[in-house]
Amino acid sequence: MNHFVSNNGELFCEQMAVAPIAREVGTPFYLYSKATLTRHFLAFDSAFAGIDHLTCFAVKACSNIAILNLFSGLGGGADIVSGGELYRALTAGVDPKRIIYSGVGKTEEELRYALESKILLFNVESAQELERLQRVAAAMEIKAPVSFRVNPDVDPQTHAYISTGLAKNKFGVPIDEALDLYVLAKGMENIEVKGVSCHIGSQLTLISPFIESLRKVKGFVERLAATGIVIDFIDLGGGVGITYDAEEPPHPRDYAEAIKEELQGVTATLILEPGRVIVGNAGILVTEVQYTKTNRRAGMKSDQGIEQVKKFVVVDAAMNDLARPSLYGAYHAIVPVQEKGAEREVVDIVGPICETGDFLAKDRELPRVEQGDLLAVMSAGAYGFSMSSNYNSRPRVAEVLVDGDSYEIIRRRETFESLVQGETLPGGVRHGH
Ligand SMILES: *Cc1c(COP(=O)(O)O)cnc(C)c1O
C-alpha cells in the first residue's frame, strides 16, 4: 500500500495534489511520500519483532539524507557500499554502531574512514580485502569488526544484472572456501570476527531462495562453531521485491515468518539490508510532456492493410534521471497526473537524450496526452534518483518530500553552474615534467 492515489482523475501524494507541486518546483522531479516511507520501514522492521535484529537500509537504493534521517529516527541503520554513502549516513545522523559496509572494492581510504567512524561491521568479500583491512587497522592500532560475505550459490530467479549470489557473480567468497578465511582472520591481530553475511540479489519475488541460502549459511555457522569460531551476527542481505507491474512478491510478514522459523535455536542477531522494498513504491518521478509526434513508415502496411504508425511522447525526464528502463528493460507504470478523457493510445514515452535507448516506456497504452501535460512514473523511489547522472549535461532533478498536506524540497534542482563545478579552462595549474 502506498499514498499515491488518484481522486477524480487527479493524482495525489498523501493530501497534496501533485500538479500544483509541479508548477511550483518545476519538472522533472522525484516526489516521495513520508507516510509511505514510514509505513514500509515499520512494516518490514516490525515483521521481525520477537527476534534480535537490525534493519540496515541499503543506502544505494535512495540516498537522500532526509530519507536516511527518517529511517534512522525509526530505529534503522544503514548498509553502505562506499565512502560517499558512509558520509551521507553519518551526515543524516545514522548511529555508526548501526552501519555495515558491503561491497567488493573498498579502497584503503574508505576502510580507514569507516574504521575511524567506528561502524558496526565490515562485510569482507575477499582474502585481499581482509589483509588490507588488517594492515589499515593495525596502523590505527584498533580492531576491525568483520563479517565475511559468503556466496551461497543460490539462484534468486531475478534479473541477471541484479543476481549476486551465484558462483558466477563477482560477489562474496565461495561458501566452501570461506572456512579457511575465517580461520585466517581469527589469527589476525587487528581483526575481530563477528558474523556471516550473504546477499543473493534484488527484486526477489520468491521466499524459497532466501530460505535456501539461509540454510546454507546456518550449516556454515555450525561448521564455524565446530572449529571454535562463534559469531554474533547473521546478515541475510537485501529485502524482497516489489510490484512494478504484475509481480506478486511475498509480503514482508511472510518473508519474516519463514526466516524466523528457519532461525529457531540460533542465537545470533539477524541483520537485514532492505532497500527497494522500503522506498520503491514510496516515490514517483514527475515529468512534463514536451512534444507528441507520429512517425509513419512510408509505404508500409500491416497484413490487415493498416498503416504502420509509431507515436512518441517526448517528456522532459530521461534515462539520466531514471536509468532502470534503459538499463534493465524495467517496467514502470506511467499515469497522467490529471486525467482528461477516456481516449487511449499506444505510445513510446521517450526522453530528450541522444540515445535510442532513452525511453521510459515502450508500446504503452496511455490516455491521450498533449504538450504540457504531466505524467507520473510510478514506483521510482528505489534506484531512481540515486542512479541518476548528468549525461547530456542535464542538471540532476529536485527531490521533494510530502508530509500530509505540505511538502519540502529535500534536494534542490542542480543548476548549469553546478554542471561545470570543479572544471577549469586550460591555463591553470600544471603538473608533470
Ligand atoms: C543492493 C544491495 C542491497 C539492497 O537490495 P534491495 O533489493 O534493494 O533490497 C542490500 N545489500 C547489498 C549488499 C546490496 O548490494
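Here, residue 1 is the first one in the sequence, and each next residue gets the next number. Just so you know, ligand 1 is whichever comes first in the structure, and atom 1 is the first atom listed for that ligand. FYI, side chains are in, hydrogens and waters are out, and symmetry mates aren't considered; it's all heavy atoms of this structure.
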Distances for all N or O pairs of ligand 1 and the protein under 3.5 Å?
unit_1	atom_1	unit_2	atom_2	d
ligand 1	7 (O)	Ser202	OG	2.4
ligand 1	8 (O)	Arg276	N	2.8
ligand 1	8 (O)	Tyr383	OH	2.6
ligand 1	9 (O)	Gly239	N	2.9
ligand 1	9 (O)	Gly275	N	2.8
ligand 1	11 (N)	Asp79	OD2	3.1
ligand 1	11 (N)	Glu273	OE1	2.5
ligand 1	15 (O)	Lys60	NZ	2.7

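- A cation-pi contact links Lys106 to Tyr101, judged by a cut-off of 6.0 Å to the six-membered ring centre and 45° from its axis.
- Listed by first and then second residue, the ring-ring contact (aromatic ring centres under 6.0 Å, His included) pairs involving residues 388-423 amount to none (not counting sequence neighbours).
- Under the side-chain contact (heavy atoms from CB on, under 4.5 Å) criterion, Ile51 pairs with Phe48, Lys260, Leu263, Leu270, not counting sequence neighbours.
- Using a 4.0 Å cut-off between charged nitrogen and carboxylate oxygen, Lys118 and Asp95 do not count as a salt-bridge pair.
- Screening residues 217-226 for side-chain hydrogen bond (donor to acceptor under 3.5 Å, both in side chains) gives Lys218-Glu262 as the qualifying pairs, with residues at least two apart or on separate chains.
- For Tyr383 and Tyr328, the gap between ring centers reaches or exceeds 6.0 Å.
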